[in-house]
Each structure stands twice: as structure tokens, then as C-alpha cells.
Amino acid sequence: MSGETPDTTAAVLEVAGIDVRFEGVVALDGVSLTVRANQIVGVIGPNGAGKTTLFNAVSRFVTPVTGTITFKGQSLLGLPTWRLAHMGIARTLQGLGLWPTLTVLENVVAGSPSRTRLAPDLLALPSADRHTASLREEALANLGALGVADRAGAYPGSLPHGVQKRVIIARALMARPSLLLLDEPASGLSATDVSELIDLLRSLRTRMAIALVEHHVDMVMAVSDTITVLNLGQVIASGSPAEIRANSDVANAYLGQTVAHA
Amino acid sequence: MHLFLIYTVDGITNGMVYAAVALALVMIWRATRIINYAQGAMAMFTTYIALIVIRHGAPYWLGFVVALATGLVIGAVTERVLVRPVESRPPLNAVILSLGVLILLEAIAPMLFGGQTQSFPVPVSNTDLLVGGTSLDISPFALFTIGAVLIAMLLLFLVFQRTTLGLRMRAAAFNPEIARILGIRVGRMLTLGWGLAALLGALAGMLAAPSVYLYPSNMDEVLVFGFTGAIIGGLESPVGAVAGAVGVGLALSYVSGYVGSDLAPLGGFAILIVVLMLRPQGLFSFGRQRQV
């Protein structure tokens, strides 16, 4: 964390010194990451560096052997995955995970972590209908914000990859997150799509903190406030895009010539 | 022609019972990728409990409600306690487990309820309706059977298609990982899915018992026919399962009527074999092959 301008904003996510091992193999080794409110944090690194494992630790799919993970000061360790969405942590997956038999709108509605209201739902009470209607409205608004509201009635399988990637972000927004974790949001997108994604992330930043794991280095450089570089499970650099660009360790380990052109 | 009508009505009535079992199998398959071979035995168990309630002087309808409620509980508890630990294991573990539950239930039923065959009451008459001296070839109980299964299906359809809860249950079944990330309590959805499936099975048990009688393995054949229907329907499709099961009911009724009742079970297997040979993905599953 060299030379970073002192940031007084409260940390939304604080990962401190976590070790993750898979059957003895070290996947993350003393990794720390801080994401502050209204900040975009990029995590880059070569394949197998542990980027997605870091997100999986935050999402409670894997449990670190040491270290702490806190969200707004509360430890996440020990919580089941499903609780996170209810606390305001949303995430997208590389694999998209859209339900092919549900329409786009249903997919997004299903992303709402609002309480399951068993009795009203089963009895089909009017209050359940109102609840469903308000969720659909919110889902449509989110789809609208991503410019894909006109696809609400379509099935995901019939849509281009770029549109599907917008739909999963719309779905993640149903959690009204204060922390949004994006797993490779730019992968498979055209240049136009990527520049629109950058605009979108900038507008979302006013409402939430965003962390993204990404291979598309130019995109991360363009959009991030701070960048953390992982290599072989360790943080090898962390700082502003300019600092990362100038860091020779990063250049050696990962970026190579890409940086010179960027 | 008259006989044909009689066999058709019988076939549809029995087919609706198989359809309830088939639908229960499909629900559990879709939620947890497990064929619940204990579906019939669980229904046998809840039917015995209904019989005890009725024998103690309670009205049939109380026994009916108790059976369905017990089914819900048995299904939910089975998922939470027995199935949960094997859900992330190889599929064979779940197969062995559900066969184990089948054997266990059929073994303890004689200890708890006695092994002898018992008759089972009907809530409405079992003899064919007469209008102005001519028989309508359908009994009030047959109408009740068809109606009860249709209502149960309609309710389930509404829950799964029209409610947020149903949407979450489908989401949890399809992709548990993303469902958890979205805040869905996947475990709870699976428990509920098993509970609802066992409730449907309990309904089948109540409807089958007056004709197949009640004994510890009384639902074995019903399970096989329901399973055949579900396979014909492609195992993924609720509509296919119902259509397949009613088809099996009709085929068995015709075989039994025109050829001989001893051959009816053989007819069921013949259908299953032909369908699996010609369309292994089932008649109602389009495109995609079934993945195991």
C-alpha cells in the first residue's frame, strides 16, 4: 500500500491476512484487500493466481485457515453463503448461472433476497401478489438501468452473451447491495460492451462499493480506484492504477508488454 | 364398446393415482437429482397412520388430513436428516439411501401396524353412479380420486409457477450455487420440496389403498407404474409425468380387461422398455439428453 492517498472513508469490506488451502495446496497466502464505500477495486493476476478463490472466501464458499474477513465491521466467517445477500453483498459468477427455463424477468426477480413469505405465498393472498408485483417492478427498473428492459420476456438462451452479462448484474442489484463483487464482468464482451460496462460501473459506484476480478487489464486500469495484483496466491502489489502500471514486479510477473501499450 | 368405456374410466382413475406418484418422483428428481424409491413406502406408512386415526373413531377426513400432514413431515425430515449428507456425494449413494429407506419402512411397518392385509375405507361410495336406472360406469370415489389429484396438481402448479417461493424452489433446484449467492436458503427449499412430494405421495397412498388394500408392500406396484409414467414423461417434466402415468393407467387397464389381469404388470414393463428403446429421453423431453 505504498503512497496511496490516505482514505478516510469507512471500509465496507476488509479482508486481512487470509490463507486458503485446498488439500494442503496453498491457494491464498496472507492475502489482504480493502474495499471502501463508493470505490471500485480491481483484482488482477494471471490464471491460478487466486482471484476467484479470494471472492469465494468472501462469499463463504471456502473458509480461510487464518485471517479475518469483515463486512462493515462484522465478521463474515461462520455465516452461511445465503446470509450475505441479505446483508447487502451481491456477486456475479463467471458461469453466469442464468436459469434457462425462466424468463429474464423471472431470473432477475429470483435474485431478490427479500424474505420468503411462505404462508401468504402458499395461500396466494393479495399481499403476496402485491409483493410479487413490487419485485417485478424493481427487476424491470434494474433491467432498464442496464439497458436491457426490452428483453424481460425473453429466455436467456436466446440472448447474446453481452446481454446475458447485463442480466446477471441486474439480478445481483436486486440485493440492493452496498458491496458488489463481479467475477470477470468483461470476459467475452465486445469493445463497445466493455466501454458501456465501464460507464455503468462508474454510475453504480455512487451507490455502492464494487470489487471486480478481471483478466481485461485495460478495463481494470480504466475503471478502478485501487488495484490489487495477485500472483501464486500472494498480493504482489496494491495501489492506484498509475502505481500498478509503474510497478516492475507486476510487469515481470504478469503484465509484460500489455502495460507499455496501455 | 361399453367394456371399452369401463376400462377407460378405470384406466384414467388408476392413472391419476400413478400420476400423483410420478409427479412426486419428478419433484424430488428435479430438486435433488435423486430417484426416491421409498416414495411408495412413505405413502404406505402415512396410509397406516390414517387408518389408525380412523379406527379410533375419527372421521375419514381427519385421517386424510393427518396422512397428508404426516407425509409432509416424513418427506421433510427424510431430506433434512438422511438425504442432506449424501446430496454432495456420488449419485449411487443416494440410490442406496433411498432403497435403504424403502426396505426400512417396509420392515418396521409390520412391527408397528401388523403385517396382515387390511381393508381401507372410502369417504364416498365405491359403487358406480346410477342415473335413471342406467349405470354411468364411474363411482363417486373414482370421481373423488380424479378430482383430488387434479386439485393437488393445480395447487402445486400455482405454487411453483405463480409464487416467489415456487420461483426460489425452482432456482435452488436448478443451480444451488448461484441460488445461495442470491440469498436463497437452498437447504430449506430442498426440505420443502421433499415435504411437498411426500405429501403428494401420501395422497396417492390414501387413494390407492381402498383398491390395492393396505399391507407393508402395498404401494410397490403403484410405485413401479408411477415410475414408468415419470420415465415416459422424461423425468424432468411434470406435465409429461402426469400424461405418462395416465397413459400407463390406461394401457394397464386395457391389457387387464382384454387380455387378462395377470398380464397387466407385464404390460407396464413392456411400455417402459419400448419407450426407453425408442426415446430414452422420454416422450416429453425435447432436445437435450438427460444427464446423470
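Below, read A as the first sequence line, B as the second, and so on, with proteins coming before strands; counting in each chain starts at 1.
- Tested against Thr81(A), the residues Arg185(B), Glu177(B), Arg180(B) include a single side chain to side chain contact (heavy atoms under 4.5 Å, CB included) partner, Arg180(B).
- Comparing Pro80(A), Ala85(A), Gly95(A) by heavy-atom pairs within less than 4.5 Å of chain B, the highest count is held by Ala85(A).
- The CE atom of Met174(A) lies 10.0 Å from the CG atom of Leu182(B); values are rounded to the nearest 0.5 Å.
- Residue Arg83(A) does not touch chain B at all, counting heavy-atom pairs closer than 4.5 Å.
- Considering all non-hydrogen atoms of both residues, Gly183(B) and Pro113(A) come closest at CA-CB, 4.4 Å.
- With contacts defined as side-chain heavy-atom distances shorter than 4.5 Å, the pair Leu102(A)/Phe174(B) does not qualify.
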Determine, step by step, whether Trp82(A) and Ile181(B) satisfy the side-chain contact (heavy atoms from CB on, under 4.5 Å) criterion, reporting the C-alpha distance in whole Å, the side-chain angles of both residues, the deciding distance to 0.1 Å, and the verdict. CA-CA 6 Å; Trp82(A) 66 263; Ile181(B) 279 184; over 6 Å; no
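- Arg30(B) CZ to Thr101(A) OG1: the interatomic distance, rounded to the nearest 0.5 Å, is 6.5 Å.
- Neither the backbone nor the side chain of Ile168(A) comes within less than 4.5 Å of any heavy atom in chain B.
- Heavy atoms of Leu181(A) lying under 4.5 Å from chain B are absent altogether.
- By the 6.0 Å contact criterion, CZ on Arg188(B) is open, its count of non-hydrogen atoms from other residues, nucleotides or ligands being 12 or less.
- Residue-environment remark: CZ (Arg84(B)) exceeds the threshold of 12 foreign heavy atoms within 6.0 Å.
- Neither the backbone nor the side chain of Ala90(A) comes within contact range of chain B; no heavy atoms are under 4.5 Å apart.
- A distance of 7.5 Å separates CD in Gln161(B) from CD in Glu106(A), rounded to the nearest 0.5 Å.
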